Trainee: 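The structure's right below; bear with me while I get my questions together.
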Amino acid sequence: MYVLVSGASRGVGRDTALYLAQQGHEIWALSRSAEKLTSLAQSAKDQPGRIHVVVSDLAQAEAIDQSIAQILPHMPHLDVLINNAGLLIHQPFEQLTDEAWLAMWQVNVMGAVRLIRALLPKLQQAPRAHVVQIGSMGGFQGSAKFPGLSAYSASKAALASLSECLAEEFKEQGIAFNTLALGAVQTEMLAQAFPGYQAPVRSEEMGAFVGWFALHGHRYFNGKVLPVSVSTP
Ligand SMILES: NC(=O)c1ccc[n+]([C@@H]2O[C@H](COP(=O)([O-])OP(=O)(O)OC[C@H]3O[C@@H](n4cnc5c(N)ncnc54)[C@H](OP(=O)(O)O)[C@@H]3O)[C@@H](O)[C@H]2O)c1
């Protein structure tokens, strides 16, 4: 299959891309860090699949349009888009500036919107396409909430809602949209936001699950927001 993973330079995105390359798929790995993406592509060179590097900033609409325009001719169609890139600024509500709110909105919501829009022609050409949004338990209704995550969680809730709406809008075109609302995973993002906390799930484990779900989940789910968490509630 042909797959694009955003936020693939580290953490869950990197491990998802590696899992999919191990399964023999062709991956476009996107983030801002050319160096880390090149190292990822190198790590996969003995795998059955291939990883191509796409250096771009999801917060910049023009940059995204340009980078996607460059790769479109090399992509027969796109079976899977994984909107995994994310930004978390952990701050009490009183200290969250408009800039911080908008920075998270740019990456967590508009980044996904821009990628879906730019890649739509290739998703429409796939026999059956799956767009997986990487949400968060923070943006899942009724879950336990944590101070300092209001802007981040609100952006993830918006991403989940976007996904439900697009599932309806594109159901006749064979494009499924699902959101995985992740619980804590041991990555740089988590370590920065919650120093000293040990997550119950490793990044490699979550990457393998996200990769598996992206390949198979749309046979069973569409327009769903699924909690991927071992804690309750
Ligand atoms: N870890 C957790 O506990 C947890 C829990 C719930 C949900 N999540 C979600 O899971 C996803 C992966 O999280 P993670 O923990 O693996 O995060 P991470 O280690 O911080 O990695 C984030 C990725 O997003 C990319 N990114 C950030 N800003 C970008 C931008 N402007 N343009 C392009 N790429 C950008 C980063 O690459 P560059 O810096 O190279 O651009 C990096 O590859 C995120 O959406 C996160 O919100 C994580």
Side-chain angles (χ1 to χ4, degrees), residues 4-19 27-41 51 53-68 82-90 100 102-115 118 132-140 143-146 149 151-160 162-163 179-195 197-211 213-214 225-231:
L4 190 140
V5 184
S6 77
S9 62
R10 59 178 188 263
V12 174
R14 184 178 198 279
D15 288 318
T16 301
L18 274 176
Y19 169 84
I27 323 297
W28 282 266
L30 182 148
S31 92
R32 291 165 301 178
S33 168
E35 199 184 325
K36 288 184 184 162
L37 291 176
T38 306
S39 138
L40 166 68
I51 297 186
V53 170
V54 189
V55 179
S56 202
D57 185 348
L58 287 170
Q60 309 285 335
E62 270 184 35
I64 282 296
D65 286 346
Q66 280 171 14
S67 359
I68 298 300
I82 305 177
N83 281 312
N84 163 81
L87 176 65
L88 189 163
I89 301 172
H90 186 205
L102 293 173
M104 282 182 267
W105 186 264
Q106 281 288 341
V107 179
N108 298 348
V109 183
M110 291 313 297
V113 168
R114 290 173 181 137
L115 279 182
V132 179
Q133 321 274 39
I134 301 301
S136 167
M137 284 305 287
F140 187 78
S143 66
K145 299 291 186 279
F146 299 94
L149 294 182
Y152 171 76
S153 300
S155 73
K156 290 296 191 179
L159 181 66
L162 168 76
S163 179
T179 301
L180 296 178
L182 305 192
V185 185
Q186 199 58 44
T187 65
E188 280 182 37
M189 177 186 278
L190 187 87
Q192 269 175 17
F194 299 99
Y197 174 76
Q198 187 61 43
V201 179
R202 289 181 296 114
S203 180
E204 296 85 352
E205 295 172 304
M206 189 56 85
F209 174 72
V210 170
F213 181 81
V225 183
L226 302 163
V228 185
S229 169
V230 291
S231 63

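This structure is a prediction, so every number in the text was calculated from the model and none was measured. Counting starts at 1 for both ligands and their atoms, following the listed order.
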Trainee: Using a strict 4.0 Å cut-off to heavy atoms of Gly135, name the atoms of ligand 1 that fall inside it.
Mentor: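 Numbered from 1, ligand 1 contributes 7 (C).
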Trainee: Looking at every non-hydrogen atom in both residues, tell me the closest pair between Val225 and Phe140 and how far apart they are.
Mentor: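 The answer is O-CE1, 3.5 Å.
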Trainee: Tell me, which protein residue and heavy-atom name are nearest atom 8 (N) of ligand 1, and how many Å apart are they?
Mentor: Tyr152 OH, 3.5 Å
Trainee: Taking all atoms of both residues into account, what is the closest heavy-atom pair of Ala8 and Ala29, and its distance?
Mentor: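 Smallest interatomic distance, heavy atoms only, reads CB-CB, 3.6 Å.
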Trainee: Got the closest protein heavy atom to atom 31 (N) of ligand 1, with its distance?
Mentor: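 Nearest neighbour among protein heavy atoms for atom 31 (N) of ligand 1, to 0.1 Å: Asp57 OD1, 2.8 Å.
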Trainee: Any N or O on Leu58 sitting closer than 3.5 Å to an N or O of ligand 1?
Mentor: yes
Trainee: Looking only at the aromatic ring of each residue, does the gap between the centers of His90 and Phe146 stay below 6.0 angstrom?
Mentor: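 Here the rings of His90 and Phe146 have centres that are no less than 6.0 Å from each other.
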Trainee: Specify the protein heavy atom at minimum distance from atom 29 (C) of ligand 1: its residue, its atom name, and the distance to 0.1 Å.
Mentor: Arg32 NE, 3.6 Å
Trainee: Checking side-chain contact (heavy atoms from CB on, under 4.5 Å) against Ile134, which of Val12, Ile82, Asn83 comes through?
Mentor: Ile82
Trainee: Of all the heavy atoms in Gly138, does at least one lie under 4.0 Å from an atom in ligand 1?
Mentor: no
Trainee: Regarding Ser33 and Ser9, do their side chains bring together a donor and an acceptor under 3.5 Å, going by distance alone?
Mentor: no
Trainee: Considering non-hydrogen atoms only, spot the tightest contact between Gln186 and Ala199 and give its length.
Mentor: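 Answer, listing the atom of Gln186 first, then Ala199: OE1-N, 2.7 Å.
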Trainee: Indicate yes or no for a side-chain donor-acceptor contact from Gln133 to the backbone of Ala160 under 3.5 Å, with no hydrogens or angles considered.
Mentor: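 No; judged by distance alone, with no hydrogens or angles, the pair does not exist.
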Trainee: Does some non-hydrogen atom of Ala8 fall short of 4.0 Å from ligand 1?
Mentor: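 Under 4.0 Å: yes for Ala8.
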Trainee: Atoms of ligand 1 less than 4.0 Å from Val107 heavy atoms?
Mentor: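 The list of qualifying atoms is 28 (N), 31 (N).
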Trainee: Could you check atom 6 (C) of ligand 1 against the protein and tell me its nearest heavy-atom contact, residue, atom and distance included?
Mentor: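 Answer, as residue, atom name and distance: Leu182 O, 3.2 Å.
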Trainee: Go through the side-chain N and O atoms of Lys36 and Thr38 and say whether any donor and acceptor fall under 3.5 Å apart.
Mentor: no
Trainee: In terms of residue, atom name and distance, what is the protein heavy atom nearest to atom 10 (O) of ligand 1?
Mentor: Ile134 CG2, 3.3 Å
Trainee: Run the numbers for me: atoms of ligand 1, each under 4.0 Å from some heavy atom of Ser56, listed by number.
Mentor: 32 (N), 33 (C)
Trainee: Nearest heavy atom to atom 21 (O) of ligand 1 wins, so pick from Met189, Met110, Arg10, Gln106.
Mentor: Arg10
Trainee: When rounded to the nearest 0.5 angstrom, what distance separates CD1 in Ile27 from OH in Tyr19?
Mentor: 11.0 Å
Trainee: Output the list of atoms in ligand 1 that are nearer than 4.0 Å to some heavy atom of Val12, sorted by atom number.
Mentor: 16 (O)
Trainee: Kindly give the heavy-atom pair with the smallest separation between Gly86 and Asn108, and that separation in Å.
Mentor: CA-OD1, 3.2 Å
Trainee: Looking at every non-hydrogen atom in both residues, tell me the closest pair between Gly135 and Lys156 and how far apart they are.
Mentor: CA-CD, 3.9 Å
Trainee: Considering only non-hydrogen protein atoms, determine which one is nearest to atom 37 (O) of ligand 1 and report residue, atom name and distance to 0.1 Å.
Mentor: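 Of the protein heavy atoms, Ser9 OG, 2.9 Å lies nearest.
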Trainee: Counting heavy atoms only, name the option from Gly183, Gly86, Ser136, Ala193 that's nearest to atom 4 (C) of ligand 1.
Mentor: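 Among Gly183, Gly86, Ser136, Ala193, the closest heavy atom to atom 4 (C) of ligand 1 belongs to Gly183.
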Trainee: First locate atom CD of Gln106, then atom CG of Leu87, and finally report the distance between them rounded to the nearest 0.5 Å.
Mentor: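 Between atom CD of Gln106 and atom CG of Leu87 there are 10.5 Å.
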Trainee: With respect to Gly11, determine whether any N or O atom, backbone or side chain, lies less than 3.5 Å from an N or O atom of ligand 1.
Mentor: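 In this structure, Gly11 places no N or O atom under 3.5 Å from an N or O of ligand 1.
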Trainee: Give, for atom CD of Gln60 and atom CE of Met110, the distance between the pair rounded to the nearest 0.5 Å.
Mentor: 12.5 Å
Trainee: Looking only at protein heavy atoms, which one is nearest to atom 25 (C) of ligand 1, and how far off is it?
Mentor: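 Atom 25 (C) of ligand 1 sits closest to the protein heavy atom Gly7 CA, 3.5 Å.
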Trainee: Lys156 heavy atoms, cut-off 4.0 Å: which ligand 1 atoms fall inside?
Mentor: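 Once the distances to Lys156 are compared, the set is 44 (C), 45 (O), 46 (C), 47 (O).
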Trainee: I'd like to know if Ala184 contacts ligand 1, where contact means a heavy-atom distance under 4.0 Å to any ligand atom.
Mentor: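 Contact check Ala184 vs ligand 1: positive.
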Trainee: Checking the N or O distance criterion of under 3.5 Å, is ligand 1 in contact with Leu190?
Mentor: no
Trainee: Are any of the N/O atoms on Met137, whether in the backbone or the side chain, positioned under 3.5 angstrom from an N/O atom of ligand 1?
Mentor: no
Trainee: For ligand 1, which atoms have a heavy atom of Ser33 less than 4.0 angstrom away?
Mentor: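 It comes down to these atoms of ligand 1: 40 (O).
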Trainee: Pick whichever of Leu115, Asn84, Ile64 has a heavy atom sitting closest to atom 44 (C) of ligand 1.
Mentor: Asn84
Trainee: Closest approach of Met137 and Pro227, non-hydrogen atoms and distance?
Mentor: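 Heavy atoms only, the tightest pair is SD-CB, 3.5 Å.
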Trainee: Measure the distance from atom 15 (O) of ligand 1 to every protein heavy atom, then report the residue, atom name and distance (to 0.1 Å) of the closest one.
Mentor: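 It is Thr187 OG1, 2.5 Å.
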